[in-house]
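Each remark here refers to the structure printed beneath this line.
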Amino acid sequence: MGDPAAPTSSPIAEPPSAPPTAARTSLAILVILGIAAATRLVMLLDQRAHNPFYYSPILDGAVYWEWAGQIASGEWFDRTPFLSAPLYPYFLGVLRRLGAGHTVVYAIQVLLDLASAYLISTIVRRRFGATAAIVAAAIFLLLTEAAAYEFRVLAATLQIFLACGLWRLLVDWQERRTTGLAVAAGALLGLNCLAGPAFLLVMALIGPWMLLSCRPRRRGVASAVAAIVASIAVISPATWHNWRVCGEFIPIRVSGVAFAIGNGPGANGTYSSLLGLGLGSSRSTMYEQAARVYQQETGRTRIRWREMDRHFYDKTIAHLRSNVGTACKLYLRKLHWFLTGQYYDDTSPSYHESKSEFARSLQFAPLPAPWVIVPALVGFVGMVRRPRHYFPEWMLVLVPLATVMVSYYTPRYRLPAMPVFAGVAACMLVGAAQRTLAPLALWAVRIALLAGVCIGIVNSGMGFDASKTSEAFWYYTVAVTYGKNGREAETIQYLERAVAANPTVWLFHSTLGESYERAGRLADARRELAAAAELAPNEPQALRSYARHLVLTRELEKALPLLRRTVELWPNDEGSRAWLHQVLMATQRYAEARDNLDEALQRQIAGPQLRGAFVLLLAACPDNSVRDGRRALELARGLSPDGQTPEPWALDSLAAAYAELGQFDEAARLAQQALDAARAAKDEPLTTLMTNRLKLYESGQPLRFGRTATTSPATTTSAPASNAS
């Protein structure tokens, strides 16, 4: 079959000269794909040899890799409902189960992007003409962001491929309107939902679109029902998983916390931590903290995930309603990010990576996304006249935009829209080159091209998406990656660069201070940690890191107000309460220490070791008004799970409780068990400690402590190192 001329539905008018033949078009696309495959191979080898991120995923990538490892080992069910879209981790888990490592995963993602480019060319060929198809494939393969994500453990490449497949099937159905194609489109829509839950928006609209697109109506009804049923069938395993692990109807994932992060107080349109949650790189940790905040604010003792979601949604919506002006600015800012963001990335900015020694080969894909998006907007203006016909294009752009608006901007969330942007931009470029556009549209395209090229410079001049700011963050992510691999010298080097590039970010100073501390450079560590605390007096992680350093250098009175403020800001963090407890005990503030641990118990955040420290306080405190042997024994009996051998510190705590109640034989028996365990573990400090306590109980004396309290096994292990990085 010969290649048709540009379709009459295209915004481009019929070109004056004949379009390329089918054979020439296919050959051109194959050449483009071949060149892209060769350059991707160079990129793969380059990144494998030089890029520290290649084998060390960070942030969400680290979560996905660990999750996939659990799936590969046979743990198909999580302990909680899905906290992230599940399709990519399971896709990754199957690959890891088959023995795939990082290189195989990246090679498969390269193939997925090449397949996406081919799908784009086939769709654009039918929608906008043969020449536009060739240009669209080239544009997509030249996009820097799309190429960079091929070499990351992130879902973007799979999402792009699924979005292209859905686009193709929707266009196929639009041309033939068969029930079979509706089923296929619905099934692929379900996969898109599992990869990015915002595609549920398409599920809500695909039925009415199919119904309105068909004559007779009964054909539209059949297609709509078939598509929706197929989508639900594909999504149902995720829904069943969530029901199985928590007994609640959660279609795909919980999302209220992400909504709060992107829209709550202090939101700026990109990722930012939510005060009071202590968010880190682990989503499970983030949601554990969120659950504690939910319990504190609602008084609930049992976690109901849908209720928790609704709580954070309601709380954030109330904030937006009470700050309408701020909310409007926030959403305009998110739109600005979506359309023009070029340098910022919350994982590893591809722009800076391509300029570094880690991935210079990324310069084979030099095209920034705004250079494509802005000209494509002209085409979308023309497509407004036929919204039903261009429903597939509109939906595949609006879904990523909705993702950004509901949560926050990151290039990963925008990428599934880039195939459509590439297709529409190609349509406009071809029309402008062949002068087949109306005069007004022709000038609009020219202006848009110039605006797209200049937008990065304009934004930086406005202080928006400045390359220098994202460069500092990129240095920080490199440092964190080196730190994960134990390369302390490189970690310090890149953290120093981050601080030099942007000295106003407390996290850079705090993490650098901790690195200096590990390297034994205590004066430098104190300077940086103090700077972080001064820059962020209301940021609990900054305060805790500085306070921890002061504890380690025995400046307890200076550390105490910082730890009190940390607990005030971060009341549900067990680690902060443990550090505060350690300092209160060392400074003999026993009543305050008791109140601190009492509140931890009430908030249900005290783990076994912190409860063990509480037992020792109640059993061995020299202050009679604080000591309570009966309560100590009650708490101590719950320290070790039934059927498990108690840890030495748990035995120590239980022994102290029995000794306080005068049951010295039982106390001595437990102390002997703890001593035997310490000897078996060849733990000399613990062996000495338990030997002394055994002698005490054998002589009929209860335990009493003063400044030596922090030598207890329960208290020394309950104050973890800071995790600010």
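Values below: every heavy atom of this structure, side chains too, minus hydrogens, waters and symmetry copies.
- Between Met203 and Ile232, some side-chain heavy-atom pair lies under the 4.5 Å cut-off.
- Here the closest heavy-atom approach between residue Leu330 and residue Gly262 is recorded as CD2-O, 3.8 Å.
- Across Ala68 and Pro89, no two heavy atoms sit closer than the pair CB-O, 3.8 Å.
- The two residues Ile120 and Cys164 come nearest to each other via the heavy atoms CG1-SG, 3.7 Å.
- Side-chain atoms of Tyr149 and Asp345 form a donor-acceptor pair, as typed in the model, at a separation below 3.5 Å.
- Aromatic ring centres of Phe151 and Phe53 lie farther apart than the 6.0 Å criterion allows.
- The side-chain heavy atoms of Glu248 and Pro81, taken from C-beta on, include no pair separated by under 4.5 Å.
- In this structure, the separation between CD on Gln541 and OG1 on Thr511 is 9.0 Å, given to the nearest 0.5 Å.
- Leu112 is not listed as a side-chain neighbour of Ile160, based on a closest heavy-atom distance of 4.5 Å or more.
- Between Glu353 and Arg152 there is a salt bridge, with a side-chain nitrogen of the basic residue lying less than 4.0 Å from a carboxylate oxygen of the acidic one.
- Checked by atom type and distance alone, the side chain of Glu574 pairs as donor or acceptor with a backbone atom of Gly607 at under 3.5 Å.
- Aromatic ring centres of His102 and Trp65 lie closer together than 6.0 Å.
- Residues Trp243 and Phe249 keep their aromatic ring centres 6.0 Å or farther apart.
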Start with the C-alpha gap between Arg577 and Glu599, add the side-chain angles, then the distance that decides, and say whether side-chain contact (heavy atoms from CB on, under 4.5 Å) holds.
CA-CA 9 Å; Arg577 289 191 179 275; Glu599 187 174 354; 3.2 Å; yes
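- Arg611 contributes a side-chain N or O that, together with a main-chain N or O of Ala606, makes up a donor-acceptor pair within less than 3.5 Å.
- Listed here is the closest heavy atom pair of Ala85 and Pro197: CB-CD, 3.7 Å.
- Judged by distance alone, the side chain of Arg177 and the main-chain N or O of Ser213 form a donor-acceptor pair under 3.5 Å.
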Determine, stepwise, if the pair Leu166 / Leu396 fulfils side-chain contact (heavy atoms from CB on, under 4.5 Å).
CA-CA 9 Å; Leu166 179 60; Leu396 291 175; 4.2 Å; yes
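- Atom CD of Gln70 is surrounded by more than 12 heavy atoms from other residues, nucleotides or ligands within 6.0 Å.
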Is there a side-chain contact (heavy atoms from CB on, under 4.5 Å) between Leu188 and Leu191? Walk through the geometry before answering.
CA-CA 5 Å; Leu188 198 52; Leu191 289 176; 3.9 Å; yes
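- Counting heavy-atom neighbours within 6.0 Å of Phe161 CZ, excluding the residue itself, gives a total of 12 or less.
- Taking the six-membered ring where the residue is Trp, Phe82 and Tyr90 present perpendicular rings, their angle passing 60° and hence far from 30°.
- Judged by the 6.0 Å and 45° rule, Arg176 forms no cation-pi pair with Trp173.
- Here the NE2-CD1 distance, from His241 to Ile250, works out to 10.5 Å after rounding to the nearest 0.5 Å.
- Separation of the Tyr413 and Phe338 ring centroids does not fall under the 6.0 Å cut-off.
- Looking at Ser510, its side chain never comes within 3.5 Å of a backbone N or O of Leu507 through a donor-acceptor pair.
- At a cut-off of 3.5 Å, with distance as the only test, a side-chain donor of Asn263 or Tyr331 sits close to an acceptor on the other residue.
- The nearest pair of heavy atoms linking Ser236 to Ala233 is OG-O, 2.6 Å.
- Scanning all heavy atoms of the two residues, the minimum distance from Ala155 to Tyr64 falls at N-CE1, 4.5 Å.
- Heavy atoms of other residues, nucleotides or ligands lying less than 6.0 angstrom from OH of Tyr313 number more than 12.
- Checking side-chain atoms of Lys334 against main-chain N and O of Gly269 turns up no donor-acceptor pair under 3.5 Å.
- Under a 3.5 Å cut-off, the side chain of Thr316 and the backbone N or O of Phe312 do form a donor-acceptor pair.
- Each of Leu59, Thr410, Thr270 was scored for a side-chain contact (heavy atoms from CB on, under 4.5 Å) with Asp346, with one residue passing: Thr410.
- No donor-acceptor contact under 3.5 angstrom links the side chains of Asp113 and Thr157, judged on distance only.
- Residue Ser84 holds its OG atom at 12.5 Å from CD1 of Ile252, rounded to the nearest 0.5 Å.
- With ring centers used as reference points, Trp240 lies under 6.0 Å from Phe77.
- Interatomic distance, NE2 of His319 versus OG1 of Thr326, reported as 6.5 Å (0.5 Å rounding).
- For the pair Val104 and Leu95, the minimum side-chain heavy-atom distance is 4.5 Å or more.
- Looking only at distances, no side-chain donor or acceptor of Asn192 sits under 3.5 Å from a matching main-chain atom of Phe199.
- Between Val505 and Tyr476 the shortest side-chain heavy-atom distance does not fall below 4.5 Å.
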Would Val245 and Asp78 satisfy side-chain contact (heavy atoms from CB on, under 4.5 Å), going step by step from the backbone distance to the final call?
CA-CA 7 Å; Val245 300; Asp78 214 341; 5.6 Å; no
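- Between Val254 and Met308, the closest side-chain pair of non-hydrogen atoms is not below 4.5 Å.
- Looking only at side-chain heavy atoms (C-beta outward), Glu75 and Ile71 stay at 4.5 Å or farther from each other.
- With rounding to the nearest 0.5 angstrom, the CE atom of Met383 is 4.5 Å from the CZ atom of Phe380.
- Side-chain atoms of Ser576 and Asp573 form a donor-acceptor pair, as typed in the model, at a separation below 3.5 Å.
- You'll find the side chain of Leu87 reaches within 4.5 Å of the side chain of Leu162, heavy atoms only.
- Aromatic rings of Tyr408 and Trp337 (six-membered ring for Trp) have centroids beyond the 6.0 Å cut-off, not under it.
- A salt bridge links Arg168 with Asp172: at least one charged nitrogen is closer than 4.0 Å to a carboxylate oxygen.
- When atom types are taken as modelled, the side chain of Asp465 and the backbone of Gly341 share no donor-acceptor pair closer than 3.5 angstrom.
- Counting only distance, with no hydrogens or angles, the side chain of Glu145 and the backbone of Pro411 share no donor-acceptor pair below 3.5 Å.
- With 3.5 Å as the limit, one finds a donor-acceptor pair spanning the side chains of Trp167 and Glu393.
- When atom types are taken as modelled, the side chain of Lys315 and the backbone of Ala260 share no donor-acceptor pair closer than 3.5 angstrom.
- Arg414 forms no cation-pi arrangement with Tyr409, by the criterion of a distance under 6.0 Å to the ring centre and an angle within 45° of the ring axis.
- Note that the CD1 atom of Ile206 and the OG atom of Ser231 stand 6.0 Å from one another [nearest 0.5 Å].
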